[in-house]
Visitor: 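Next up is a structure, given as structure tokens.
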Protein chains: 6
Amino acid sequence: MLKWLFFKNKLSMRPSKRANDELRPIRIERNYTMHAEGSVLISCGNTKVLCNASVEDRVPPWLRGKGQGWVTAEYGMLPRATNTRNGREAARGKQGGRTLEIQRLIGRSLRAIVDLSALGERVITVDCDVIQADGGTRTASITGAYVALYDAVESLLKNNIIKKNPLHGSVAAVSVGIYNQQPVLDLDYPEDSQAETDMNIVMNDGGHFIEVQGTAEGHAFRRDELNELLDLADSGIQQLLYAQQQAILNKS
Amino acid sequence: MLKWLFFKNKLSMRPSKRANDELRPIRIERNYTMHAEGSVLISCGNTKVLCNASVEDRVPPWLRGKGQGWVTAEYGMLPRATNTRNGREAARGKQGGRTLEIQRLIGRSLRAIVDLSALGERVITVDCDVIQADGGTRTASITGAYVALYDAVESLLKNNIIKKNPLHGSVAAVSVGIYNQQPVLDLDYPEDSQAETDMNIVMNDGGHFIEVQGTAEGHAFRRDELNELLDLADSGIQQLLYAQQQAILNKS
Amino acid sequence: MLKWLFFKNKLSMRPSKRANDELRPIRIERNYTMHAEGSVLISCGNTKVLCNASVEDRVPPWLRGKGQGWVTAEYGMLPRATNTRNGREAARGKQGGRTLEIQRLIGRSLRAIVDLSALGERVITVDCDVIQADGGTRTASITGAYVALYDAVESLLKNNIIKKNPLHGSVAAVSVGIYNQQPVLDLDYPEDSQAETDMNIVMNDGGHFIEVQGTAEGHAFRRDELNELLDLADSGIQQLLYAQQQAILNKS
Amino acid sequence: MLKWLFFKNKLSMRPSKRANDELRPIRIERNYTMHAEGSVLISCGNTKVLCNASVEDRVPPWLRGKGQGWVTAEYGMLPRATNTRNGREAARGKQGGRTLEIQRLIGRSLRAIVDLSALGERVITVDCDVIQADGGTRTASITGAYVALYDAVESLLKNNIIKKNPLHGSVAAVSVGIYNQQPVLDLDYPEDSQAETDMNIVMNDGGHFIEVQGTAEGHAFRRDELNELLDLADSGIQQLLYAQQQAILNKS
Amino acid sequence: MLKWLFFKNKLSMRPSKRANDELRPIRIERNYTMHAEGSVLISCGNTKVLCNASVEDRVPPWLRGKGQGWVTAEYGMLPRATNTRNGREAARGKQGGRTLEIQRLIGRSLRAIVDLSALGERVITVDCDVIQADGGTRTASITGAYVALYDAVESLLKNNIIKKNPLHGSVAAVSVGIYNQQPVLDLDYPEDSQAETDMNIVMNDGGHFIEVQGTAEGHAFRRDELNELLDLADSGIQQLLYAQQQAILNKS
Amino acid sequence: MLKWLFFKNKLSMRPSKRANDELRPIRIERNYTMHAEGSVLISCGNTKVLCNASVEDRVPPWLRGKGQGWVTAEYGMLPRATNTRNGREAARGKQGGRTLEIQRLIGRSLRAIVDLSALGERVITVDCDVIQADGGTRTASITGAYVALYDAVESLLKNNIIKKNPLHGSVAAVSVGIYNQQPVLDLDYPEDSQAETDMNIVMNDGGHFIEVQGTAEGHAFRRDELNELLDLADSGIQQLLYAQQQAILNKS
């Protein structure tokens, strides 16, 4: 018994008892709401994000007449998605820097797998609204947003609004970090708030990088630590890409 | 067959085939999210509103040192809760007039059943966020918000933070209106957008009125029509109050 | 019993010594300012609102090319219209919830008596600015705004800009409430701030309802109380509609 | 007589037929509204400004504990005070540059005759709201604001809230300009919109300058033109200072 | 005694030891940055303002189709241009009243020497950003902005975009004031913050006035003081106009 | 083949003719403006950023009474720092997402080398204002901001305001990217706007990472490409750290 405990501790010092390279349970529910062309509730453990993809027949002013479309994202967090209530951004009268940064990241990540010309002169906006937060809301948003985008594109194809599939790959994201001196995958909030280094990695289904964002929260990190983190992220993202495909294969 | 259709048509001209005095199916899920002191997802047919009640140990500046608390509400709609996407209020930089009007109504309705002195110097904010909209989001918000408020108050009592229950009743709300020349209960969106008259009624468990808000959308309405609508609302609110009590009795 | 009631009415418990069913003195001055197509200063006792109706040859974007016009209202209060100074909304950078709620109410009330197609592709905006406040500013605004709108429409007819009168009725509004346990008509500020129930009623000249907005400030109100209040409002609005007609008949 | 009229007309090329050195009729009504400590409606011809002075027992943060008070002003224009409707600043979400410039000018002009230490730790805010505009609204505001400020100070003295009169003079303002190649006093809107040079002059009852603001609208102006304009302003301000004193001497 | 006074005047009582009629050293560097059509760093003593003139092929909405252009200015101050840090206006969410007032002044001053028809349907915006402040930033902005505007116009002429030079003169500005009971030219910050009277004068190369803005900071000023200040300003502006011409003559 | 590669590297395919691993000329001017406790103009080729460090004796509300200080940054770009004029953020009424993202990055990078407890209860704000932009403004800001921060801290030490140096290292940043299929160091604007991958790397003088931010602009990048980019960044940052030290050693 003691031995087993020791063994288990060796394997995991994480608050959630997960192994260092273990993702939280992931669940992807399609057609979660009724109006959006793509609507996905993604759960990564206790983090839950509703991703709604909306198709609109307009382009931003700077794209008018260019024969191509646009994919963008907006991000929000319900005031009590977190442990203590955060003031509503609409009431404060502006979106904070963190919100703007995250929604720019989601938009860039999605556009990296879209052929905007094949989309035609229309916009797909993916709204990522955090219903419940427990760390990793931006990476969960990207992973869920891809499936919502996929469904929105499918509806365009099915209705013969576009001929060619503008998606040329899939995309998923995960966080990695150094917690308690050890590289860990998919940080939850207790880990995230204590991590010395925090990285968000976005990759496509070809195994290549779309975004790499690493921040030293405590002390600076070394090149070998970076490499370990990238390895962890790679293995996690494989699983997330697989979960996306499974969700898509399930008829809905 | 023809007869049956005729009969059915007589019974209901409503798009949903409901009888004129028939509520949509109501579902109240408590403890829907993990952080809020009270968290309720209320579904009235396809209208779904997440009501999170948050307790904070502060009072607004104008109540400082007065020995009493405050109950307030905020309202929001996810951008794609509706049939076409609405711009995010946080991005537009302000809450619209409709939003402010609704959240003021929810707050007043809740305060009507709260003894603010018994609450002590703290604020309970109920965030009502519409996940999916199909008419009647403001009345669903009030009905759900009461249960969330109840749960938040229970947690204060259970933890001996307050001694006396500040709730001196319960509150629920429903819409009624004149659709197709007939008074109907609990309008869904197709009815709401065509209604000649639209009323929102808030009542307490004593059968008395807390708010009566009626608007002639088409032509003005007569006193006898008003009376019929109030009768319909009364019967609907009885059922909603009962549904609240059932939800509360179910251990969670 | 009857005698006692009579006696009670005679003495009045109202701060202003008015009978419970007595309006404040009403005065409607047309052509109050020189630029607006319709300009009315309405005084209900000490409440004074300047209502200016402006005609503009444009429609809001969502009405372009639909062959109809729009009638809307804006509401403001001078900073020292009230007993203590209120910060200027322009300086604070936004209109408050109360302001937005009131101007939406005024706009809806006016549109209820306008045939927007007959107006053609133009907008009439009625600005209701409270010069001095003593309760009932929103109902005074509606009653005064009708006369300003009437004058603006007359100028369009007189100048042959439109052929058919788009007004198909008149509209007036009054507040009623339960003060000191008694239903009273046309509350002034000392009553309004103490009232247990506060209602604003908008009716047309056919005696039908356009808006009914009742709020329980203290405890909830009963159906019979509601009925008494509606009776009071009805009698008050008859007098207001008459005052409007008298003002209009006076050449100006 | 006819000859003289002809002669007078020859002398005056002004749209209003006034002589070049002739003020518009001025009217100063005190106690115009009931709540403000000082409330003045000033009419300079068709320009009408309501000036309300409010006393508040607070000082701005940067004056706390300094044993002195503050006098400030805010300026606004009702949307239809002008010939065509101007959007409401509260609705647009900010005060324009012109508004800010004018209210800074009014505040400086008033402070020039106030001993802020004698005022004690309180603020007097004079709200100048233009009810009807026909040129010269900023100078009318200053002239009227002085009387409102005077009345507010009197109420402080009468109620023994302050002992020493903080006013050490009076202040009035007028516009002058070059219209039709001739220097004229007190421009109305038709002149103002055509003037080649436009000056606003603020002086105290000692005949000294508080503000001199001259702008070449068409071509630049010469030193001798400036001198003529200053002479005109001086004579006009004497009359305005006298009108203020007359208004104050009339018991109210 | 008399001699000593004479001697004192000669030595100057100004903190900078300048004579009362002495400008600070002026330096005008053209082509300061690489992108703007005109880019000037002007230094008046320690006050340094970067003036960038940008040509854009658009006109404001109210000038569309009128066959003329527009010249405007914007003004900003780097947060630590001053002795203590000022909050960034972009972060506060609006430009302050002082900023708006100054940029309106710069724009008017420049337009006074431009034939807007000769400019054609284009806008020249001169951005005046204060890098370091030591009093007189608005007058330095005008003096520098003229040279930036000159260079922008030259580039339009050289590239045959316009045929006729729209500049019909040059413009410069200086501050004068009463410091220590004496009229002085070109106040630096220590003087400006203590001055009893502060004037900003804008003149053209014909020796005529474009703007005269004088404010009594302490006590009101007399006509003879005004005249002395205007004389000082006139002599200072002659020198500034000469410095502009010298800067322009230096090939760059 | 090898020879050809060598030859190619020698000739360079970069618009600036730089070798792929060649920084632009760097220049660090200390004491650039007179008021700030640290004031540095950094030039990286044509990119010029003014970095002013301001010390203030206050802490943000959430740090009150915690016995530690704060280091933060703000970022801005003069409207015509770029090839075409960008609207002023202060005029638009808010800072854009890019601005907020950059200033958050600068602040985090600086805090990574500061012991906030040793700083005491004070804030150092580093304002990074881009005078001229040619790519790499955020990395130039970080590199320059360190020197400004160093000077501000030195002034605190010299004046005995703090005893212990709160800086425990130095920090610099550089961009790297894949341009024309080749990894290059320190991208200028023509490269940046065409790059397939764009990374910003922040490192300390221990050779460890503080931030790694890589974005695939065109197609996703491989792990080996990432490694090449990190090598390039490492060599560039060594040179930048050296340039900082040289600037500091030069007495000023």
Side-chain angles (χ1 to χ4, degrees), chain B residues 72-75 92-109 111-113 115 168-171 176 178 196-227 229-231 233-234 237, chain C residues 72-75 92-109 111-113 115 168-171 176 178 196-227 229-231 233-234 237:
Chain B
T72 186
E74 293 196 7
Y75 172 92
R92 271 191 265 149
K94 62 175 177 180
Q95 296 178 294
R98 182 184 168 276
T99 294
L100 293 172
E101 195 170 314
I102 292 175
Q103 67 190 19
R104 284 159 56 95
L105 169 66
I106 303 170
R108 282 199 309 269
S109 298
R111 285 192 297 277
I113 52 131
D115 172 358
H168 53 67
S170 62
V171 58
V176 285
I178 298 176
E196 292 139 55
T197 290
D198 180 26
M199 289 195 89
N200 294 294
I201 309 288
V202 186
M203 294 176 82
N204 67 12
D205 55 338
H208 296 175
F209 296 106
I210 289 170
E211 287 268 345
V212 173
Q213 295 195 343
T215 300
E217 302 282 350
H219 55 261
F221 53 98
R222 298 184 312 271
R223 184 72 170 267
D224 61 316
E225 289 172 321
L226 171 61
N227 281 328
L229 292 173
L230 293 174
D231 289 342
D234 194 1
I237 286 177
Chain C
T72 186
E74 294 196 7
Y75 173 91
R92 274 191 262 149
K94 63 174 174 180
Q95 296 178 295
R98 182 184 167 278
T99 294
L100 293 172
E101 195 170 314
I102 292 175
Q103 68 190 20
R104 284 159 56 93
L105 169 66
I106 303 170
R108 280 197 310 269
S109 299
R111 284 192 298 276
I113 51 130
D115 173 357
H168 53 69
S170 63
V171 57
V176 286
I178 299 177
E196 292 139 53
T197 290
D198 180 25
M199 291 195 87
N200 293 295
I201 309 289
V202 186
M203 294 177 82
N204 67 13
D205 55 338
H208 297 177
F209 296 105
I210 288 170
E211 288 268 344
V212 173
Q213 295 196 342
T215 300
E217 302 282 350
H219 55 262
F221 54 96
R222 297 185 311 270
R223 183 75 171 264
D224 61 317
E225 289 171 322
L226 172 60
N227 281 327
L229 292 172
L230 293 174
D231 288 343
D234 194 1
I237 286 177

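Chain A is the first sequence line, chain B the second, and so forth, proteins listed ahead of strands; every chain is numbered from 1.
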Visitor: Under a 4.5 Å cutoff for heavy-atom pairs, which residue among C:Ser109, C:Gly97, C:Gly214, C:Ala112 has the most contacts with chain B?
Guide: C:Gly214
Visitor: With a 4.5 angstrom heavy-atom cut-off, is it the side chain or the backbone of B:Arg98 that approaches chain C, or both, or neither?
Guide: both
Visitor: What distance separates B:Lys94 NZ from C:Gln95 CD, expressed to the nearest 0.5 Å?
Guide: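 The CD atom of C:Gln95 is 6.5 Å from NZ of B:Lys94, to the nearest 0.5 Å.
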Visitor: Heavy-atom cut-off 4.5 Å, strictly under: side chain, backbone, both or neither for C:Asp224 against chain B?
Guide: neither
Visitor: Mind ranking C:Glu225, C:Gln213, C:His168 by heavy-atom pairs under 4.5 Å with chain B and telling me who comes out on top?
Guide: C:Gln213
Visitor: Say you draw a straight line from OG1 of B:Thr197 to CD of C:Glu211; how long is it, rounded to the nearest 0.5 Å?
Guide: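 Taking OG1 in B:Thr197 and CD in C:Glu211, the distance rounds to 10.0 Å.
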Visitor: Check each atom of B:Leu230 against the heavy atoms of chain C and say whether the ones under 4.5 Å are side chain, backbone, both or neither.
Guide: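 Contact with chain C is through both the backbone and side chain of B:Leu230.
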Visitor: Has the side chain of B:Arg223 got a donor or acceptor atom that lies under 3.5 Å from a matching backbone atom of C:Asn227?
Guide: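 Here the side-chain-to-backbone pair exists.
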Visitor: With C:His208, which residues qualify under side chain to side chain contact (heavy atoms under 4.5 Å, CB included), at least two apart?
Guide: B:Ala220, B:Arg222, C:Asn204
Visitor: Of all heavy-atom pairs between C:Phe221 and B:Val212, which one has the smallest distance, and what is that distance?
Guide: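 Heavy atoms of C:Phe221 and B:Val212 come nearest at CZ-CG2, 4.0 Å.
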Visitor: Answer with side chain, backbone, both or neither: which region of B:Arg108 has an atom nearer than 4.5 Å to a non-hydrogen atom of chain C?
Guide: side chain
Visitor: Which atoms of B:Asp231 are under 4.5 Å from chain C, going by heavy atoms: the side chain, the backbone, both sets, or neither?
Guide: both
